[in-house]
Number of protein chains: 2
Amino acid sequence: MQHGFGQFCPIALASEVLTQRWTLLILRELLAGSSRFNDIRRGVPRISASLLKARLETLEHAGIVERRQGRGRDVHEYFLTAAGKELKPILSNIGEWGQRWAREIEPEDLDPGWLVWNIHRRLDTAEMPPGRTVIQIEFSDAPRNARYFWIVNTDGGVEVCLKSPGYTVDLRARTTVRVLAEVWRGIRPIRRELRAGTIHLEGHSALRRAFPKWLLLSTYAPIRRKRSSRSEV
Amino acid sequence: MQHGFGQFCPIALASEVLTQRWTLLILRELLAGSSRFNDIRRGVPRISASLLKARLETLEHAGIVERRQGRGRDVHEYFLTAAGKELKPILSNIGEWGQRWAREIEPEDLDPGWLVWNIHRRLDTAEMPPGRTVIQIEFSDAPRNARYFWIVNTDGGVEVCLKSPGYTVDLRARTTVRVLAEVWRGIRPIRRELRAGTIHLEGHSALRRAFPKWLLLSTYAPIRRKRSSRSEV
DNA sequence: CGGTATCCCCCGCGATACTG
DNA sequence: CAGTATCGCGGGGGATACCG
């Protein structure tokens, strides 16, 4: 299979770049503000380093991405060009459509690390106590090596740890990947899950009570699903 | 490579269907009003029958397309569901983006049959004389078997013929695929090409003079290109 | 940190021929 | 008209190891 479609239709020409495997997800990360190679990988964890590099080069040649030397010898940054920034409405539309109409979440989609990474990016730290806050998340249904995560908020920003950062935990949240994923997607109401105990919180009461406030969900969460849950197999 | 991306992000889930090879072009055809298998193929001529069938089935399973029995035993029609119709803004955005930013047209994109098929779909017959009108197009740069096309407008509609339909030709247009393609895309101004003689018309003068009126261009033609023509190789 | 370099498998897809 | 059936290859991309 060659690359092209044998047409000069603008949709066909755009598709040559945009519909390559992983490309839309890389663009989503860049639009979300990532610029470092490994930050992009954290948002697209299943892509291999070599393929990510190849895709970034394709995007560079297509005039969508620009690669710049960052501060430091081994620091590089990837930025969207004007053409790349204009892809934003496309990505938004696809996200909205996906929220309404894409297939249900299957077990193999439930990557706990990815979920925590996305949560940490959108924490509303203004709704959290001042100073350092350490949140531990436990996924009771995750494999051993992906069961515990720590999110640490300091004045310097929010970070994810895969091992205990050492500090005292201020809030412990126990749930399943499935529940938190569907809450994040806006499919399950967060307060209902708290009441039902499928999300169990332990720790400082102020932090606990404000949980639905500082836990910002997916930007597409407010969009209501239209696909009937009982669709065909 | 599995199909999924290991994420429950709505963009990732939508991508599983939408970024499959040819899929966007099939959707473009359905949104343009095609519903018959072979009509879709005329708009996506380089796809094989088996692959088109496979893609349509995938789209059916994804709830985007619905297959119905038409009038007659061997007549089937493909329609967009509500979910499918909601893809329209995505396709429009991609088309607009492609018009502005996609790569230049290369020789292998210049399919003359595809061009004529798209022109015939958007003829403004109200700007043409009443009764039957036969237009012959000659592409001086096309291979022998794709050099001549006839567009026949009658009360019953507009049709494309690959062989002379027998009727007298009312207007003969001689040009190159490149010129007409770039005119259709809105990259070259039609009147300039007529003046320069790179589009040469012969025949009824009323039909000739109204040529820029009844020849409707791509819906994206009014959108001005932003990519610098002298971009990197 | 930000990549390279290989190896190799698998399957997507193009080509062609045939059918109810 | 609207597909089915079959075959074979090319190369996309996953996995893994290594590097400046």
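Letters A, B, ... are given to chains in the order of the sequence lines, protein chains preceding strands, and every chain is numbered from 1.
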* Structure fact -> Whole-Å distance, B/Glu57 CD to C/dG12 C1', equals 16 Å

* To do: Report the C-alpha distance between A/His120 and A/Glu159 in whole Å, list the side-chain angles of each, state the deciding distance to 0.1 Å, and finish with yes or no for side-chain hydrogen bond (donor to acceptor under 3.5 Å, both in side chains).
  => CA-CA 7 Å; A/His120 111 279; A/Glu159 286 189 352; over 6 Å; no

* Any B/Tyr78 side-chain nitrogen or oxygen under 4.0 Å from OP1 or OP2 of D/dG3 -> yes

* **side-chain N/O B/Arg73 vs D/dG3 OP1/OP2, d < 4.0 Å** => no

* To do: Give me the bend of the helix from C/dC1-D/dG20 to C/dG20-D/dC1, using the axes of the five pairs at each end, rounded to 10°.
  => 60°

* Measure the distance from CG on A/Leu56 to P on C/dC1 and round it to the nearest whole Å. => 17 Å

* Structure fact -> Whole-Å distance, B/Trp22 CH2 to C/dG12 C1', equals 13 Å

* Asked: For DNA chain D, what residues of residues 28-53 of chain B have any heavy atom nearer than 4.0 Å?
  -> B/Arg36, B/Phe37, B/Asn38, B/Ala49, B/Ser50, B/Lys53

* Cation-pi, B/Phe79 ring and B/Arg68 (6.0 angstrom, 45 degrees) -> yes

* Asked: Under 3.5 Å, is there a donor-acceptor pair between the B/Asn118 and B/Arg121 side chains?
  -> yes

* Can A/Arg132 be said to sit on top of A/Tyr167's aromatic six-ring, NZ or CZ under 6.0 Å from centre and within 45° of the ring axis? -> yes

* Asked: Can the positive tip of B/Arg21 be found less than 6.0 Å from the middle of the six-membered ring of A/Phe5, inside 45° of the ring normal?
  -> yes

* Does the base of D/dG20 carry an N or O that pairs as donor and acceptor with the side chain of A/Asp74 under 3.5 Å? -> yes

* To do: Report the distance from atom CG of B/Leu27 to atom CG of B/Leu18, rounding to the nearest 0.5 Å.
  => 7.0 Å

* Partners of B/Asp39 by salt bridge (Lys or Arg N to Asp or Glu O under 4.0 Å), sequence neighbours excluded? -> B/Arg42

* **Interatomic distance where CZ belongs to A/Arg21 and C1' belongs to C/dC13 [whole Å]** => 16 Å

* To do: To the nearest Å, give me how far apart CD (B/Gln69) and C1' (D/dG3) are.
  => 13 Å

* **Distance-only side-chain donor-acceptor flag, B/Gln7 / A/Arg28, under 3.5 Å** => yes

* Find the distance A/Gln20:CD to D/dG11:C1' and express it as a whole number of Å. => 13 Å

* **Aromatic plane relationship, A/Trp114 with B/Phe8 - under 30° parallel, 30 to 60° tilted, over 60° perpendicular** => perpendicular

